Every structure is written in C-alpha cells, then in structure tokens.
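To start, the structure itself, in structure tokens.
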Amino acid sequence: MAGAERADAVLLAFARALRGAGVDASAERVHTFLRAVAELGPARTYWAGRLTLCGSRDDLERYDRVFAARFGGEPGERRMPAPGLRISVRETRAGPRTRAHDEPGAPSGAALASSAEVLRHRDIADLDTAERAALRRLLAVFALHGQVRRTARRRPARRGTVDPRRTVRELLRQGGEPARPRYRERSVRPRRVVLLVDVSGSMAPYADALLRFAHAAARGTRGPRTDVFTIATRLTRVTRELSHRDPDRAMAALAAAVPDWRGGTRLGELLREFLNRWGQRGTARGAVVVVLSDGWERGDPELLAAQMRRLHRLAHRVIWANPRKARPGYAPLAAGMAAALPSVDAFVEGHSLAALERLAAVVKGADDA
Amino acid sequence: MSRIPEFKEPGDVAARLEQTGYLVDDGLAIACFLALRLHRPLFCEGDAGVGKTALAAALAEALGAPLIRLQCHEGIDASQALYDWDFPRQLLRLRAAEAAGAVDADRLEGELYDRRFLVARPLLRALETWPSVLLIDEIDRADDEFEAFLLELLSEFSVTIPELGTVRAEIPPVVVLTSNRTREVHDALKRRCLYHWFDHPGFARELAIVRRRLPGVSARLAEQVTALVQVLRSEDLLKPPGVAETIDWAEALDALGASEVDPELAVATLGSVLKYREDAERARGSLVAALREG
C-alpha cells in the first residue's frame, strides 16, 4: 500500500533526524518504533517514538526538539558547536603544514623520541606545537585504574573460607566420599574513577592535554568505566563523547558537547550540581574522584568548601591535581583552593606528563602524596 | 492456567491499573500497553520514590499474575538470579542410593541432576510461569557482566541448563526493569526495552494518588501535604521528596491525629519527607512561609 509506505517513510525520516540530533536510534529501535506505531495508531506517534527510540533522560530533550520540528511547532534551532575547543582540535590536524613557517627548527621524530624524557617533566603550558603533539602521543597510552576494593562476589581460591557449593559438588563426583574442601575468597575490583576537568579560561594552556589524559584514562580501563565531566560555567558529562577510540575524533565530539569552553569557573556551584545530579546517586559513592583544576573560584568559596565536604563524605578518596602547584613559590592562596584543601585526601601537581603519571599512581593507591 | 486480560487500547490498561490504586498518566499507560503488546521489557528510570517499583506490583495485580522480584546488587550472579542445584538434597539422595545398594553409576548421576533437585531462582521461575510479572529491581546496582547475561536472557526468553536442557518461556513474562541512574546502564540492554522516564507527578495527580492510597486521611490534610511537597520539590534540595515520601508524611501526620498541618507539626514531622539535615534546615523557612500564606 502506497499510503502505508509513505507513512513509514515519514517515520524513518524522523528517526534519521533524531540520529542527527544525537539520539542512538538504531535499526533495532526503529523497527520497534514502526511496530509501536502500528499498534497505537498515528495519533500516538509521540509516545510510540519516545518509548522506543530514546534510551536516557538526555535523549528526551533532544527527542522533544526534533519531534516539534518535524510534526508541529517551530523548526528546532540548529545547535552550533562551541568554537573555542575546535581551534585546539584543528591544531593537531594542521600540525605538519603549519609547522614549517611557525617553527623553522622543529625537531625530527627521532629527536622527539629521545627528548621524551625531558618532555615528561616540562610544564605543558610552556610547550610549543610540536612538543604538544609529542605529548599527545605519549598521553595516548595512559590507563587509569582505581584503587582496588573487595566485592561481594567470591571466587575460587587456594585459601580463604570453605566454599560449600564446590565442596559438595566434589563430594558428589567422588560418590559421597569425603573430599578435600574447596575454598573461596572475595574477589577484588578496581574502584570507579571520576574525573572532573576544569576547562575554564585560566586552565586553557592545560585543558587540551588534561582532556586527552582523561580520554586515554577512560578508554584504558577494564571493569567500571571512568566517568569524565568538564566544568567551567556549566557542568557537562563527556564520558560518552570520550568513548571514541580515536583521540582526535573524541576531542571533536567533546568540543561539540561542551558549551562553555574557556568561560569563568564557578567550582562550588558546579560541584553541587555534579553531586546532586550524579554524585549523590552513586557516581561518586565509593569512587576515587579527581578534580583537575587550578582552584580559581569566581563564586563563593564557602559554597565550594561545603560541597567539597559533601564530596569527601561520599567518595572513597578525593584527589586534587593542580597544574599551578609546581610553579615556584606556589601557595594555595586562591580562595577556592584554600577552601577545598581541608577536604582533599591528596593534593598533587598536574602540569606535566610526569605529574600525570604520578597522579595515575595516586589514583591507583600505590603512592601517597 | 489463568489468562491475562486482553487490552484493546492504553485506556484499558490505565483503567485496570487504577482499580488497583495505581494512577498512571498517558505516557505510562501507553508504555504498559506497548510492553504487553510487543512483549518488550519496560525500562523505568527516574528519581527514587516516584513509583517505579510500585508499577510492577500494580501491573501484577491488574493482570492477576504473580509478581516475581529480583533485587539486584553488586556481585549478583546467575546462581542467585537464575537457578542453583540443591546440593544437600543431592548428597542425601546419593547416600540413600548407596545404602540401598544401587550400583548403576550413570543412572544415579541422571537422577542426581533431576529437575526436582533444581532450585529455581526468580528469573527461571518467571520463564516457567505464565502469566507473571518479573521485576528486575535496581539494575544499575548489578555489574556489567550481569547486564550482559540479562541481555541474552531478555532477548531469547530461554536459558540452557547443561544437565537438563533448554527452558524456554512459551509466552515471555511481563518484565519491568528499574534504575535509579546511579550509573549508566548499557545501551545494548536498553535497546531491548521500552524506555520510560518517571517524572514527579503534578499537584492534581499526586493528590489523587495520596487520596487513593490513604482514604482515611482528611481531604484538607492530603491537599496541604501534597501542596507542601510540591513546594519542597521546587527548592534546591539534595534529595527532593518522591511520591512515597508524600504518602509517608500524610500518614505520619494522620497518625498524630492531625486533620490540618500547622507550622509546628510540619517541622516536627519533616523527618518523614526530607532525609538530609541540610535539606531540613533549608526547607524549614519556606515551609513555614508557605503554611502562613495558604
């Protein structure tokens, strides 16, 4: 029937528009969508689509926007990606071409490799374009594992408590003759790691490297996924954007998702938002939470102090990595930093590859700062 | 075998649920209708206390089917969720057979892994029971491996027990999954499900729910409590109260013999609505103000 086919085409076009808006409307979902519309009739297309095509609360807002644009209301506004971070992404792509006139004496690949050791300790803010590119390659091999904890699950072991199930199974196999008892013990898993990366103006020289560090860290983990949030004037969860394998594509996706690249920082308010929306419910509970920020707070330091206390009660450990800490004569005088410090378990540097390596060790619990 | 009622359209489901005391809005009625029609699990997400778990219970009652509940927790595995062998009984059987002088080892082994020594856990019970409502509660607490295992089970509605063979549900059970969003549940699992987000209800519907659940409470009290909770939800609280808390509060006030809320009583019973000291401190002022006005 031509009419039914045309109706299906409209629905498929709608699903395609949804995908364009960032909703994961996969083929399987679309199939269910068509069945749902067939069950419910076209008058209930809104709910048919909302129930079958969306998969999270974030999807709902996108869904409403696209639905209004397609089937009524004003055409949805086109969202522009934030310009700031894109420039920093292009820097990589354009690297080889611009290098020639930017820095005539750019080092060769071999020279870069041999200078890796030097690079490890250099402040990221002082690096030139080529060195930054080298740093990116080094950062790509990072993996971040949380400190291990014991879980409720038990697994067979050489010693531990007697495992009744396996012991009796063994007995059955032996025809009921007493057998050697089998043992089990609690297994261990790495704790969840949460990274809060400050991408405000004062962090601009570090943000690109720190986000790449976050990307590598989030990609490299087995077990619970590392969650990554950016903070500046708004809080953005970027875990999904960072799940691209390719760092440059991940950074491009992130640039499109983060609306406030290089704004000012309101650490206290954003930390409160993080705790209300995610942390309290479980993201921060028992996790190792790392704040990567210079602690430059535009808002009320007292609010930040209160939220840090809250975070400290929820998390297993709170680690603060501050790129400015390594500067000669640094003292945590910024009001925000001073307010946060009493609720921080480890205060580390975050300005160089070596510092980030050390941070990874601290997260793992191998090293105390 | 009992049959479940045929629903022609979402309104029928809503009416049936309403008879059990569970009030649904359009979206949720459609969600339940589709879940029944398409045999798809219903994935319910939303803040704690908005009625996700209660929906499963209401559905079970509305369908006249047993509710089979699986509470998820960290480290949950197949032997707790699906089935396990009853080892002590197997051992007894073995001893008894030996005492009787049975020697056929193969036959004995076959007997030991008989269906009657199998302990069915919730998931297997749900596969074998039709009709039934399977509630997989707080799936976000289980870990990834368990999610993957569920994915398989929920797409096939069958499970293979090595010693016995495959158990397949002739008609899949009605499945409700809930999540409090303490972590993101894997997309592959959600893709199998219908997704419904539970919002806090508006004043009229919440009042209707309270009246329905607590018919003995005075109308004035129910109204006041509902209005106050709506005020509290607009505050910036660590844990905004859910419908469950509204009901608790009305019940607490009623137990104190109140037919109306005054500021003093409200503050004294605040513990049944707000579960953080910071929230209580923050809310006290606005509560008293709201009571003075209304």
Side-chain angles (χ1 to χ4, degrees), chain A residues 24-29 32 35-36 38-41 44 46-48 50-57 59-60 151-154 164-169 171-173 175-176 186-187 189 192 222-225 227 237 239-240 272-273 275-286 306 310, chain B residues 9-10 26-31 33-35 37-38 40 42-43 45-48 73-77 79 84-85 87-88 90-91 93-95 97-98 105 108-109 112-113 140-141 143-145 180-185 187 189-197 236-240 276 278:
Chain A
D24 172 33
S26 61
E28 193 184 347
R29 284 209 162 117
T32 318
R35 281 181 62 200
E39 285 284 345
L40 292 167
R44 293 198 174 100
Y46 171 82
W47 279 105
R50 190 177 141 154
L51 289 161
T52 54
L53 298 173
C54 296
S56 72
R57 193 189 186 184
D59 282 352
L60 298 183
T151 64
R153 184 174 299 208
R154 291 183 168 82
R165 186 175 304 146
R166 283 177 60 245
T167 304
V168 178
R169 212 179 242 279
L171 279 172
L172 286 177
R173 202 174 299 135
R186 286 184 187 277
S187 57
R189 291 188 89 185
R192 192 202 330 268
R222 280 168 292 118
R225 209 159 44 154
D227 258 318
R237 182 168 187 267
T239 309
R240 201 190 251 184
R272 180 172 63 191
E273 194 187 333
L275 289 168
N276 286 353
R277 279 187 59 192
W278 305 91
Q280 184 97 34
R281 280 213 228 95
T283 305
R285 218 175 270 277
R310 222 178 124 198
Chain B
E9 73 129 43
D26 273 0
L28 189 52
I30 294 174
F33 176 75
L34 275 185
R37 271 305 179 87
L38 304 180
R40 285 276 172 149
L42 182 58
F43 191 96
E45 215 169 44
D47 290 343
H73 56 80
E74 203 159 51
I76 189 169
D77 59 21
S79 70
D84 206 356
W85 290 101
F87 291 113
Q90 279 176 316
L91 206 57
R93 175 80 193 85
L94 183 70
R95 285 297 191 195
E98 270 180 356
L108 189 60
E109 198 185 325
L112 283 178
Y113 288 99
D140 51 330
R141 287 182 183 231
D143 30 31
D144 311 353
E145 295 95 325
N180 288 333
R181 282 217 307 167
T182 60
R183 69 180 180 84
E184 210 62 61
V185 172
D187 269 348
L189 180 61
K190 284 180 167 179
R191 215 171 287 150
R192 282 290 313 154
C193 306
L194 301 168
Y195 176 83
H196 188 70
W197 171 261
D236 181 23
L237 299 177
L238 299 181
K239 166 75 183 74
Y276 287 92
E278 291 92 327

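Within every chain, numbering begins at 1; the chains are lettered A, B, ... in the order of the sequence lines, protein sequences first and strands thereafter. Only a predicted model underlies this, so the values are computations on that prediction, with no experimental measurement involved.
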Requested in this report: Could you please spell out the steps behind the side chain to side chain contact (heavy atoms under 4.5 Å, CB included) verdict for B:Y195 and A:L60?
Outcome: CA-CA 10 Å; B:Y195 176 83; A:L60 298 183; 4.2 Å; yes
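Heavy atoms closer than 4.5 Å to chain B are found in both the backbone and the side chain of A:R57. Heavy atoms of B:L112 lying under 4.5 Å from chain A belong exclusively to its side chain. Of the atoms belonging to B:F43, not a single heavy atom falls under 4.5 Å from chain A. Contacts between B:D140 and chain A at a heavy-atom distance below 4.5 Å are absent for every atom of the residue. For chain B, the nearby parts of A:T283 are the backbone and the side chain; heavy atoms of each come within less than 4.5 Å. With a 4.5 Å cut-off on non-hydrogen atoms, B:L34 touches chain A through its side chain but not through its backbone. Residue A:T239 does not touch chain B at all, counting heavy-atom pairs closer than 4.5 Å. Proximity to chain B is absent for every atom of A:R166, based on heavy atoms less than 4.5 angstrom apart.
Here A:E39 is the residue among A:R272, A:R50, A:E39 with the most heavy-atom pairs under 4.5 Å with chain B. Chain A forms the most heavy-atom pairs under 4.5 Å with one residue out of B:D26, B:D77, B:D84, and that residue is B:D84. Per-residue counts of heavy-atom pairs under 4.5 Å with chain A were compared for B:E74, B:R192, B:R191; the largest is that of B:R191. When each of B:R181, B:E45, B:Q90 is scored by its heavy-atom pairs under 4.5 Å with chain A, the top score falls to B:R181.
Scanning for side chain to side chain contact (heavy atoms under 4.5 Å, CB included) contacts around B:A35 gives B:L42, B:L194, with sequence neighbours left out. A search for side chain to side chain contact (heavy atoms under 4.5 Å, CB included) contacts involving B:R141 returns B:Q71, B:E138, not counting sequence neighbours.
Note that CG of A:L51 and CZ of B:R40 are 12.0 Å apart. Values are rounded to the nearest 0.5 Å. A distance of 7.5 Å separates CZ of A:R310 from OH of B:Y276, quoted to the nearest 0.5 Å.
Nearest approach of B:P10 to A:L40, heavy atoms of both residues: CG-CD2, 3.8 Å. Nearest approach of B:D187 to A:R29, heavy atoms of both residues: O-NH2, 4.3 Å.
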